[in-house]
Amino acid sequence: MKSFSETYLKKLHIGSITAGSNVLMAPLAGYTCYPFRMMCRSLGAGLAFTEMVSANGLKYNDKATAKLLYTTDAETPKAVQLLGSVPSAFEAACKGRYTEAYDIVDINMGCPVPNIVKSGEGCALTQDLPLASKIIEACKRSGKTVTVKFRPGMNRSRIVVTEFARMCEDSGADMITVHGRTRNMMYDGEPVYEYIAAAKQAVSIPVIANGGIHSDEDAVRMMEQTGADGVMIARYGLEDPLIFVRLTGKSTDASKLSLILEQSELAESCFDETAAMDYVRKIASYFMKKLPGTKTCKQEMFRCGSMTELRRILARIFGETEK
Ligand SMILES: Cc1cc2nc3c(=O)[nH]c(=O)nc-3n(C[C@H](O)[C@H](O)[C@H](O)COP(=O)(O)O)c2cc1C
């Protein structure tokens with residue numbers, strides 16, 4: 001089989017911004033905080049998105065939001081994802097101080113969660129193209145680069161992928177990401193390559209393919225079958241972030257142990273100890289997902305009371321598996 005890095009790897013031009021590679025890390029609520037994004041970027045990801053943040057919620061001066069949007073100049077270019085359904089709220093959010101540092105605003109038009117869809121946000125926007133268009137135009141008025149992440153439709157009998165992709169381009173979007181599952185598939189089942197291919201054929205802005213990439217081979221197949229301009233890794237990036245190294249051919253001697261220890265230090269530098277430990281435990285659990293016999297290790301990890309102790313446990317667990 002072809003290798004991704006030899007066949008498909010390229011820089012990605014998104015409006016006036018150039019991302020170093022066309023292998024991107026998806027927004028993942030609860031995970032893609034600053035330390036995680038920095039790790040993915042250092043391993044070769046061209047961009048890593050913040051988790052979705054409510055456009056409306058950015059009106060309130062709230063600590064939780066500040067934590068979600070924490071970034072530094074070491075992260076360049078920076079991409080924030082917004083969720084909502086009111087164009088004026090998006091415009092205000094894009095022009096407001098919380099997103100000031102961010103170069104790219106990604107609009108979430110794919111979230112399938114019932115409460116979100118009921119409030120007309122996320123995937124519900126694939127049923128209202130005029131409103132989706134107004135949201136994109138509102139974001140563009142901020143002068144930022146604007147991208148849209150969406151699903152092909154609510155279910156297989158309501159596929160709107162072609163017209164939705166065209167609407168995004170006509171409204172000024174600089175790139176689109178298509179998650180190849182319909183809303184009723186939620187996060188299960190094979191993504192449908194043809195839907196992503198249809199979007200690629202419909203527009204001339206870059207199209208990124210997302211869904212079900214769990215190996216280097218899946219990434220190659222995704223590119224072959226869809227003709228997309230790049231791939232977006234999501235859940236598999238939590239399990240094995242070294243996939244970015246393999247897909248981009250970046251040279252590194254990073255191991256899961258060195259990565260998790262680096263993550264613990266970075267998390268401590270930007271969160272308080274409790275939040276940093278919660279984050280490191282979550283990521284370490286994903287890193288161990290396919291390792292046999294890790295149940296007691298996980299229990300130990302969740303019982304321990306300080307970052308120093310947590311690091312000692314992690315060094316033992318990952319040190320042993322990497323011998
Ligand atoms: C825990 C979790 C959180 C997610 N959070 C977001 C989010 O904040 N914004 C978004 O656009 N998609 C979100 N997604 C969807 C992913 O970005 C991605 O589209 C989806 O998982 C499909 O890719 P995969 O099959 O490779 O995981 C989330 C998915 C999961 C499982």
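Numbering of ligands and ligand atoms starts at 1, following listing order. Values below: all heavy atoms of this structure, side chains included; hydrogens, waters and symmetry mates excluded. The residues of the chain are indexed from 1 along the displayed sequence.
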- Output the list of atoms in ligand 1 that are nearer than 4.0 Å to some heavy atom of Asn108, sorted by atom number. 9 (N), 10 (C), 11 (O)
- Query: Looking at Glu91 and Lys95, does any basic side-chain N land under 4.0 Å from a carboxylate oxygen?
  - Reply: yes
- Query: Under a heavy-atom criterion of less than 4.0 Å, does Arg181 contact ligand 1?
  - Reply: yes
- Task: Output all residues satisfying salt bridge (Lys or Arg N to Asp or Glu O under 4.0 Å) with Arg183, sequence neighbours left out; order by chain, then residue number.
- Result: none
- Query: Is it the side chain (CB and beyond), the backbone, both or neither of Gln81 that lies under 4.0 Å from ligand 1, heavy atoms counted?
  - Reply: side chain
- Taking both backbone and side-chain atoms of Ala29, is any N or O found less than 3.5 Å from an N or O belonging to ligand 1? yes
- Less than 6.0 Å separating the ring centroids of Tyr34 and Tyr70? yes
- Task: State plainly whether the residues Arg181 and Asp188 are in salt-bridge range, i.e. N to O under 4.0 Å.
- Result: no
- Message: Distance under 4.0 Å to a non-hydrogen atom of Ala26: what atoms of ligand 1 satisfy this?
- Response: 17 (O)
- Query: ligand 1 versus Lys149, non-hydrogen atoms closer than 4.0 Å: side chain, backbone, both, neither?
  - Reply: side chain
- Message: Can you classify the ring geometry of His179 versus Tyr187 as parallel (below 30°), tilted (30 to 60°) or perpendicular (above 60°)?
- Response: parallel
- Report yes or no: does Tyr187 have a heavy atom closer than 4.0 Å to ligand 1? yes
- Query: What about Gly212: any of its N or O atoms under 3.5 Å from an N or O on ligand 1?
  - Reply: yes
- Message: With a 3.5 Å distance limit and no angle check, can you tell me whether Asp103 reaches the backbone of Lys78 through a side-chain donor-acceptor pair?
- Response: yes
- Please determine if Arg235 has a nitrogen or oxygen closer than 3.5 Å to a nitrogen or oxygen of ligand 1. yes
- Query: Looking only at N/O atoms, are Tyr31 and ligand 1 under 3.5 Å apart anywhere?
  - Reply: no
- Message: Below 4.0 Å from ligand 1: does a non-hydrogen atom of Cys111 turn up there or not?
- Response: no
- Query: Among protein heavy atoms, which sits nearest to atom 19 (O) of ligand 1, and what does the distance come to when rounded to 0.1 Å?
  - Reply: Asn210 OD1, 2.6 Å
- Only one of Met232, Met222, Lys149 clears side-chain contact (heavy atoms from CB on, under 4.5 Å) with Ile208; which? Met232
- Residue pair Leu43 / Ala254: nearest heavy atoms and the distance that separates them: CD2-CB, 4.3 Å
- Query: Do Thr7 side-chain atoms and Ser3 backbone N/O form a donor-acceptor pair below 3.5 Å?
  - Reply: yes
- Short N/O distance, under 3.5 Å, between Pro27 and ligand 1? yes
- Message: Check whether Lys140 reaches the backbone of Val146 with its side chain - one donor and one acceptor, N or O, closer than 3.5 Å.
- Response: no
- Mode of His179 contact toward ligand 1 - side chain, backbone, both, neither (heavy atoms, under 4.0 Å): side chain
- Message: Please work out, at 4.0 Å between heavy atoms, whether the side chain, the backbone, both, or neither of Leu28 comes within that distance of ligand 1.
- Response: both
